[in-house]
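Worksheet for the structure shown next.
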Amino acid sequence: MAAESANGHGTLPDAAAASSLAHRFGLEFRDTIEPKDLDPALVARLPIQYARRCACLPLAERADGAIEVALGDPRSAEVVDDLRALFQRRVVPIVVPASAILDSINSAYDRAQGTAQAVMGDIEAGALDQVAHELEEPRDLLDADDEAPIIRLVNSLLFQAVKDRASDIHVEPFERDVSVRFRIDGLLYDVLKPPRRYHPTIIARIKIMAGLDIAEKRLPQDGRLRFRVAGRDIDVRVSIVPTQFGERAVLRLLDRTGALLTLEDLGLLGENLERLERLIERSHGILLVTGPTGSGKTTTLYAALARLNSTLRNIITIEDPIEYQLHGVGQIQVNPKIELTFANGLRSILRQDPDVIMVGEIRDGETAEIAIQAALTGHLVFSTLHTNDSFGALSRLVDMGIEPFLVSSSLNGVMAQRLVRRVCTACREPETSGVSTERELGIPTGSPIYRAGSGCEACKGTGYRGRTGIHELMLVDDDVRSLVMQRSDAAAIRRLATGRGMRTLRDDGAQKVVDGATTVAEILRVTQEDVA
C-alpha cells in the first residue's frame, strides 16, 4: 500500500516504483533492512516521528565517514538535506521500499536505546526545564502551532514519565507557583515548576488530549488518552479537580503492552506462594486481595489468572479499567454511563457459563452479594477489597450487609499486600541489624542486612530502584468461620490467625530485608499501621 509522503511528491513509491527510481538516480536498492545493517547509535539520534513521517532510517557509517541512510523516496532532497545537517556528515541514500522501512523502525528504536528512550531522544530533566523556560518569553498567540512550548511541554512530560518509570504525573497549582511531580516507585518527586500564569493553558492542553470540556472549570472531570512510545501503547487516566488556586490534574500511566508478571515476580515466596497456588486451583469459592490503592492488588489477580488460563477454562473478568490484555480471557470494561456496573456486569457474566470470574473491585453490598452467590454455585471468584489487612476483610463484608453465614461459607482466603521499594543493588550499603531492628522486625541482632546507599545513576540518587510486594495470606478455616458467625471484629480474627503462626505483612517484610531485597526503613514505612 502506498503511504502519504511528507516531501511534496504525493504518495511514497511502492517496492516496484522504488526500484525503478533507484535505477533512474543511480542509487543502490535493497528489498529489506537487516538488523545487522543498523547502527543503534545513529538510530538514536534521529527522532522516531521524523523517521516515520519521512520513511527514512540511518543504517551505518562508511569507512570514509559518510552515513548510509535508507530512503523510501529518493526524490526527497529535503530529507537528505535534513539528515546531512543532523549528522554533520555526507549522506549516501540507499533506496528501500517504504513499507520495509516502516516495518523496521519500531524494532530499530527498541534496540537503539530501549523502548522508552527511543521516542524521547534527548528529553531529560534539563530539557523539560528548557521548554518551561521558553514560557517565560512573550509569545504571539497567532504564532502558536503544534510545536508551541505548551504542547511540547506536555508531550515532554509524558515521554519523560515513561522513561523514568513513573506511575503518575501530578500538576498542582498553588498561590505563587505550579508544581509538577512524578510518582516513582510509590513516592512523589519534583520534576519542574513552570510559570504560574501558564497553568490554565497546561490544564487546557491536558483536557483537549483527554477529550474533556475545557470550558468547565468548576466540576471534577475524568477522561482518558493514549499515546505510543516506539510501538508501546500507553493508556493515561486523567483526573481534573478544582482547588482553591485552580484545577489540579493527576495523570495515571498504564503500559498496556507491559509484560505480565508471575506470582514469583510479585515477591510471593515460600509458604505464602504454596498456599496461594492451592487456593487458586480450587473449583469454587472467593479469593480476596486487599490493600490500599496502588498496592498492586489487580496485578496479583492478573498473575493468578495467567496461571489458570487455558483452553479448558472459561475465564471472564469485569474491570475498571482493563489494565492488561489477557489472550483467551473475556474482559469487560465497566461503563457507569450506560449502567454497566460491576453488579450488572457480574449478573451477565453468570449467564456466560464461566469457570473463573474476576471482579475488579467489590465496592458495595450488591456486588458482594452477587459474587458470593456465584461462589456458592460452583464458580471460582477473584476480587479486591479496600481494607488495611487481611483480617478486616471479613468484618468489612458483614458491614456491607452480607450475612455472616454467607461470608463464612463462600470465602476461601484473603491476602493483603503492600509494595515496598527494592534497594538499589548498585549502591546499597551492608550493615548489621541492631537491637531496635530485632525488636521491631524480629531480625536477630547482628544479622547481615542492607541499607539504601547515597544514590547513583541507576537509581537516580534515591537509593532504590523498582518495587516488590510483601504479603500476608489468611486461610478461612473452621475456626475463622466460627468467629465470623459470631460477628467478631478484625482484632479477634487477627489474634487467632497469628497465634497459630500466620505470617503478617511485617513478618514477610522482615524476610525480604534478610534476603537483601529491601531495607528496614521501607518495611517500617509501609507497615507502620500494623504495629500493635
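- The minimum heavy-atom distance between Leu46 and Ala51, with the atom names listed, is CD2-CB, 3.9 Å.
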| query | Given the rule in the side-chain contact (heavy atoms from CB on, under 4.5 Å) test, do Val80 and Leu71 qualify, once you have shown the distances and angles that lead to the verdict? | reply | CA-CA 9 Å; Val80 174; Leu71 279 183; 3.7 Å; yes
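- Applying side chain to side chain contact (heavy atoms under 4.5 Å, CB included) to Leu59 and the options Val96, Ile94, Val43 leaves one that passes, Ile94.
- When every heavy atom of Ile67 is checked against every heavy atom of Phe87, the shortest pair comes out as CG1-CB, 4.3 Å.
- With no hydrogens or angles considered, a side-chain donor-acceptor pair links Asp82 and Tyr50 at under 3.5 Å.
- Of the possible donor and acceptor atoms, one in the side chain of Ser383 sits under 3.5 Å from a partner among the backbone N and O of Val359.
- Shown here for Arg418 and Val526, the closest heavy-atom pair between the two residues is NE-O, 3.7 Å.
- A distance-only check finds no donor-acceptor pair linking the side chain of Asp320 to the backbone of Gly360 [under 3.5 Å].
- Of the possible polar contacts, none joining the Arg451 side chain to the Val520 backbone as a donor-acceptor pair under 3.5 Å is found.
- Remark: side-chain polar atoms of Ser295 are not paired, donor with acceptor, to backbone N or O of Leu419 under 3.5 angstrom.
- The shortest heavy-atom contact between Pro58 and Leu38 is O-CD2, 3.5 Å.
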| query | Run the side-chain contact (heavy atoms from CB on, under 4.5 Å) check on Glu264 and Leu273 step by step: do they pass? | reply | CA-CA 8 Å; Glu264 292 83 359; Leu273 177 60; 3.8 Å; yes
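- The heavy-atom pair separating Ile318 from Leu346 by the smallest distance is CD1-N, 4.2 Å.
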| query | Could you go step by step and tell me if Glu522 and Lys512 meet the salt bridge (charged side-chain N to carboxylate O under 4.0 Å, His left out) rule? | reply | CA-CA 10 Å; Glu522 270 297 284; Lys512 297 291 196 307; over 6 Å; no
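- A distance-only check finds no donor-acceptor pair linking the side chain of Arg363 to the backbone of Phe342 [under 3.5 Å].
- For the 3.5 Å distance criterion, the side chains of Tyr450 and Thr425 fail to qualify, holding no donor opposite an acceptor.
- Remark: Arg62 does not engage Asp64 in a salt bridge, criterion side-chain N to carboxylate O under 4.0 Å.
- Look at Arg422 and Asp265 and you find no salt bridge, because none of the NZ, NE, NH1 or NH2 atoms lies under 4.0 Å from a carboxylate O.
- For the pair Gln417 (side chain) and Gly291 (backbone), a donor-acceptor distance under 3.5 Å is absent.
- Using a distance-only test at 3.5 Å, with no hydrogens or angles considered, no donor-acceptor pair links the side chain of Arg248 to the main chain of Thr243.
- In this structure a side-chain-to-backbone donor-acceptor pair under 3.5 Å is present from Lys207 to Glu216.
- Side chain of Asp515 to main chain of Ala517: no donor-acceptor pair is present (N/O by atom type, distance under 3.5 Å, no hydrogens or angles).
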| request: Step by step, work out the side-chain contact (heavy atoms from CB on, under 4.5 Å) result for Val420 and Thr468. | output: CA-CA 6 Å; Val420 295; Thr468 188; 3.7 Å; yes
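- Here Asp185 pairs with Arg165 in a salt bridge; the nearest charged N to carboxylate O distance falls below 4.0 Å.
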| field | Audit row: Thr317, Phe382, side-chain contact (heavy atoms from CB on, under 4.5 Å) steps and yes/no | value | CA-CA 9 Å; Thr317 74; Phe382 298 156; over 6 Å; no
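- Using a distance-only test at 3.5 Å, with no hydrogens or angles considered, no donor-acceptor pair links the side chain of Asp168 to the main chain of Val250.
- Closest non-hydrogen pair, Ala249 versus Ile240, comes out as CB-CD1, 3.5 Å.
- Residue Glu172 forms a side chain to side chain contact (heavy atoms under 4.5 Å, CB included) with just one option from Arg181, His199, Glu247, and that option is Arg181.
- Electrostatic pairing of Lys36 and Glu34 does not count as a salt bridge here, judged by no charged N lying under 4.0 Å from a carboxylate O.
- The environment of Leu187 atom CG is dense: over 12 non-hydrogen atoms of other residues, nucleotides or ligands sit within 6.0 angstrom.
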